[in-house]
Amino acid sequence: MKQGTSVPSVNFKYRVRTDGNPITFVDETNGDENPFEWKSVSSEELFDNRRLVVFSLPGAFTPVCSTYQVPGYEEMYDEIKAQGVDDVYVISVNDTFVMRKWMIDQEIKNIKFIPDGTGMFTEQMGMLVCKDHVGFGNRSWRYAMVVNNGVIEKFFEEPGLNNVGDDDDPYGETSPEAVLDYLKTV
C-alpha cells in the first residue's frame, strides 16, 4: 500500500457508549448498567470524504509509542489540523479495550484511536510483522500516512521492515514533525 492507492476496506470493532459515537470513549458508567455496546465501523466511515493523518505503531503502552509518538501527535494536533487536515488517528494491532484504556492513561483529548485487534487492516497495508522475539506476536510496523478521501496521499515508513529480532524499533520518519514538514509543502 503506497501513495495513490485506497486504504483497505475493513470493519473495525469498537466498544462504544450507547450514544453511538464510535470514536468518543468516555470513562463513565451509568450506575450498574453497562453503557457500552459493540459497533462495527468501516474504513469508509472513517476515511472517506476527509483528509486525515493516520499513524500506526507497534503497541499500546509500549515505550516509544507512549513516550514520544502519541504524546507528540497530541501536542502537534492543532498545527497538523491547520494544514488542511480534518483529524488525526492512531491505529494499532490492539483491541478496543486496550486502546480505550491507553487513551485514558495518556490523557488524550484530540487524536482518535482505531483498534485493529485482528491486524486485518495492518496486514492489508503490508505492514503486519511478527514480533514473537519480544513476546508481542503480530504487530504493526511503524508508519504514518496522509489519507485524502480514502486514498493514500503520502506514506511514511520507518526503515528496516522485518519479522526478526534485529530491529531497534526505529522512530523518526513517522514522527509528527516529519508529517507536519510534508503538510507544509503541499
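Scope of the values below: all heavy atoms of this structure, side chains included, with no hydrogens, waters or symmetry mates. Residue numbers run from 1 in the order of the sequence given.
By the 4.5 Å heavy-atom criterion applied to side chains, Leu128 and Val93 are counted as neighbours. Contact of the Glu74 side chain with the Lys109 side chain is registered, since non-hydrogen atoms from C-beta on lie closer than 4.5 Å. The side-chain heavy atoms of Val151 and Thr5, taken from C-beta on, include no pair separated by under 4.5 Å. Counting heavy atoms from C-beta on, the side chains of Arg139 and Asn94 come closer than 4.5 Å.
For Asn148 (side chain) and Ile152 (main-chain N/O), no donor-acceptor pair under 3.5 Å exists by modelled atom type. A distance-only check finds a donor-acceptor pair linking the side chain of Ser175 to the backbone of Gly172 [under 3.5 Å]. Counting only distance, with no hydrogens or angles, the side chain of Asn49 and the backbone of Asn149 share no donor-acceptor pair below 3.5 Å. Proximity of a side-chain donor or acceptor of Asp116 to a complementary backbone N or O of Ser92 within less than 3.5 Å is not detected. Looking at Trp141, its side chain does come within 3.5 Å of a backbone N or O of Glu158 through a donor-acceptor pair.
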Donor-acceptor list for residues 50-69 side chains, cut-off 3.5 Å, not counting sequence neighbours:
unit_1, atom_1, unit_2, atom_2, d
Arg50, NH2, Tyr89, OH, 2.6
Arg51, NE, Glu153, OE1, 3.0
Arg51, NH1, Gln83, O, 3.0
Arg51, NH1, Gly84, O, 3.4
Arg51, NH2, Glu153, OE2, 2.8
Ser56, OG, Ile91, O, 3.1
Ser56, OG, Ser140, OG, 2.7
Thr62, OG1, Gly59, O, 2.5
Ser66, OG, Thr62, O, 3.1
Ser66, OG, Trp102, NE1, 2.9
Thr67, OG1, Pro63, O, 2.8
Gln69, OE1, Arg142, NH1, 2.3
Gln69, NE2, Thr174, OG1, 3.4

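If you take OG on Ser43 and CD on Gln124, they are separated by 8.0 Å, rounding to the nearest 0.5 Å. Note: Lys13 NZ to Asp95 CG = 13.5 Å, rounded to the nearest 0.5 Å. The CE atom of Met76 sits 10.0 Å away from the CG atom of Leu183 when rounded to the nearest 0.5 Å. With rounding to the nearest 0.5 angstrom, the CZ atom of Phe113 is 6.0 Å from the CE atom of Met99. Note: Glu157 CD to Lys2 NZ = 4.0 Å, rounded to the nearest 0.5 Å.
Residues passing the ring pair (Phe, Tyr, Trp, His ring centres under 6.0 Å) test with Phe97 are Trp38, sequence neighbours excluded.
In the hydrophobic clustering of this structure, Val186 groups with Phe156; members are Ile, Leu, Val, Met, Phe, Trp, Tyr whose side-chain heavy atoms approach within less than 4.5 Å, directly or through other members. Placement of Leu180 and Val70 within a single hydrophobic cluster is found when ILVMFWY residues are connected by side-chain heavy-atom separations under 4.5 Å, directly or transitively. Hydrophobic clustering of Ile, Leu, Val, Met, Phe, Trp and Tyr side chains at less than 4.5 Å, counting indirect connections, unites Ile104 with Val88. Both Met120 and Val7 sit in one connected hydrophobic cluster of ILVMFWY residues. Membership requires side-chain heavy atoms under 4.5 Å apart, directly or through other members.
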Handout entry: Stepwise side chain to side chain contact (heavy atoms under 4.5 Å, CB included) check, Ile114 with Tyr14
Key = CA-CA 8 Å; Ile114 302 174; Tyr14 282 91; 3.6 Å; yes

Practice task
Give the C-alpha distance, both sets of side-chain angles, the deciding distance and a yes or no for side chain to side chain contact (heavy atoms under 4.5 Å, CB included) between Gln3 and Lys154.
Solution key: CA-CA 5 Å; Gln3 282 139 212; Lys154 178 71 174 169; 3.5 Å; yes

Problem - Criterion salt bridge (charged side-chain N to carboxylate O under 4.0 Å, His left out) on Lys112 and Asp87, from CA distance to verdict - result: CA-CA 8 Å; Lys112 311 296 187 293; Asp87 224 329; 3.1 Å; yes

Exercise for the section: Kindly determine whether Val129 and Asn162 satisfy side chain to side chain contact (heavy atoms under 4.5 Å, CB included), including the steps that lead there. Expected result: CA-CA 6 Å; Val129 294; Asn162 69 79; over 6 Å; no

Exercise for the section: Begin from the C-alpha positions of Ser42 and Asn11 and carry the test side chain to side chain donor-acceptor pair (under 3.5 Å) through to its verdict. Expected result: CA-CA 4 Å; Ser42 71; Asn11 287 312; 4.7 Å; no

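Under the 3.5 Å distance criterion, with hydrogens and angles disregarded, no donor-acceptor pair is assigned to the side chains of Tyr73 and Asn110.
By the neighbour-count criterion of 12 heavy atoms within 6.0 Å, atom CD of Glu44 is densely surrounded, having more than that number from other residues, nucleotides or ligands.
For the residue pair Gly72 and Pro176, the shortest heavy atom distance occurs at C-CG, 3.6 Å. What you find for Met127 and Phe155 is that their closest heavy atoms are SD-CZ, 4.1 Å. Shown here for Gly137 and Asp132, the closest heavy-atom pair between the two residues is CA-OD1, 3.2 Å.
Relative ring orientation between Phe12 and Phe47 is described as perpendicular, the plane-to-plane angle rising above 60° on a 0-90° scale split at 30° and 60°.
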